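The next block holds one structure in the form of structure tokens; read it before the comments.
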2 protein chains.
Amino acid sequence: MDSQARLDELLTRLREQGYRLTPQRVALVQLLIDSKTHPSAGQIYEQLHAQFPTMSLATVYKTLHLLKEMGEVLELGFGDDDNRYDASDPDPHPHLVCIRCRKIIDPDVPVFETLAQEVAAASGYHILSHRLDFFGICPACQEEAAEN
Amino acid sequence: MDSQARLDELLTRLREQGYRLTPQRVALVQLLIDSKTHPSAGQIYEQLHAQFPTMSLATVYKTLHLLKEMGEVLELGFGDDDNRYDASDPDPHPHLVCIRCRKIIDPDVPVFETLAQEVAAASGYHILSHRLDFFGICPACQEEAAEN
DNA sequence: GTGCTTGCAAACAGTTTGCAGATAG
DNA sequence: CTATCTGCAAACTGTTTGCAAGCAC
């Protein structure tokens, strides 16, 4: 789905559920969808603060919470770092994390429905979701390391 | 590997690297290895506090940090919850998380070396590690839900 | 106009750190 | 004996919350 379509979809969904389309919310949703790097709340705040000098971090968190509740955004927590947010596709999909520059991208890999089914069958769990992350060093950081 | 062998291995490795085997450390390592539920720092602290009434949370964290540095323990962070620790097998392996009771177990599933290779080839990343978590409801919690 | 939303500041939880006294080797 | 480790308390970081003023509808 292209960014524009996803943006329209999200804004429509917000309006339909009775939420107000404040400039801050629209800007945040736009930023989140345009970004390919899955930004953190702090990064979102920094960028929006340029547009809205009075905007607070609390609003960022409240809006992200709202989108999470609606199931329109994936919250990627790592425990040792701040959470990252992915609104491009709300269904679980793998992520590829550079442990050096902390960039996170969506790699193109086939999903594995079968594995989840196997796990469910073997464990008796009712599996609702999953998460698959790869950690490594991105091409840019590999080059940088080679130079030094 | 059985628990006793793993415990010996870990204690030996600590000693070899010049770390002191304090009673607190030995008890923590033992607890971690015996536990099948991947406890949090707080849970570890509560249990050890029964044995060592003066033991502090800081010591728990410091010891976990040490084991992490040695690569002998897996730290499982989720972002919305406290971190969980797995010392049974320091190599990455899938986890199965009950979203109701927060129990975490190691399911028996084949690992997928091929997928990591595919991702590496397609992205140019140098992949070092990965993490695969399934989220669902464990059999006990399913029953409990059915009763109510 | 109504009441949801914002922005501030304070609260919060998990984790980390500094330091003085305790202790493993 | 000595360097490491412990335990306390305070600091820190990311996130959440309460509340009065502001603004979307």
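Since the structure is predicted, the reported quantities are computational estimates derived from the model, not experimental observations.
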- Task: Tell me what Thr54(A) touches on the nucleic acid: a base, only sugar-phosphate, or nothing, going by heavy atoms under 4.0 Å.
- Result: sugar-phosphate

Can you tell me the distance, in whole Å, between the [atom1] atom of [X] and the [atom2] atom of [N]?
X	N	atom1	atom2	value
Tyr45(B)	dT6(D)	OH	P	14 Å
Leu14(B)	dG25(C)	CG	P	11 Å
Asp80(B)	dC12(C)	CG	C1'	16 Å
Phe78(B)	dA13(C)	CZ	C1'	17 Å

Nucleotide by nucleotide, nucleotides 15-25 of chain D touches protein heavy atoms under 4.0 Å in the pattern (B base, S sugar-phosphate only, - none) BBBB-----BS

- Query: Is a donor on one side and an acceptor on the other found under 3.5 Å between the side chain of Gln142(A) and the backbone of Ile137(A)?
  - Reply: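 Yes: the side chain of Gln142(A) pairs with the backbone of Ile137(A).
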
Hey, does the side chain of Thr12(A) reach the backbone of Asp8(A) with a donor-acceptor pair shorter than 3.5 angstrom?
yes

Exercise for review: Compare side-chain N and O positions of Thr59(B) against OP1 and OP2 of dG7(D) and report whether any pair is under 4.0 Å apart.
Suggested key: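 Yes, within the criterion.
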
Across all chains, not counting sequence neighbours, the side chain to side chain contact (heavy atoms under 4.5 Å, CB included) partners of Ala121(B) are none

With sequence neighbours left out, the residues meeting side chain to side chain contact (heavy atoms under 4.5 Å, CB included) with Gln30(B) are Leu7(B), Asp34(B)

*Look at the rings of His130(A) and Phe134(B) and say which category their plane angle falls in: under 30° parallel, 30 to 60° tilted, over 60° perpendicular.*
tilted

Problem set entry | Plane angle bin for His38(B) and His93(B) - parallel if under 30°, tilted between 30 and 60°, otherwise perpendicular |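 Because their plane-to-plane angle lies in the 30° to 60° range, the rings of His93(B) and His38(B) count as tilted.
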
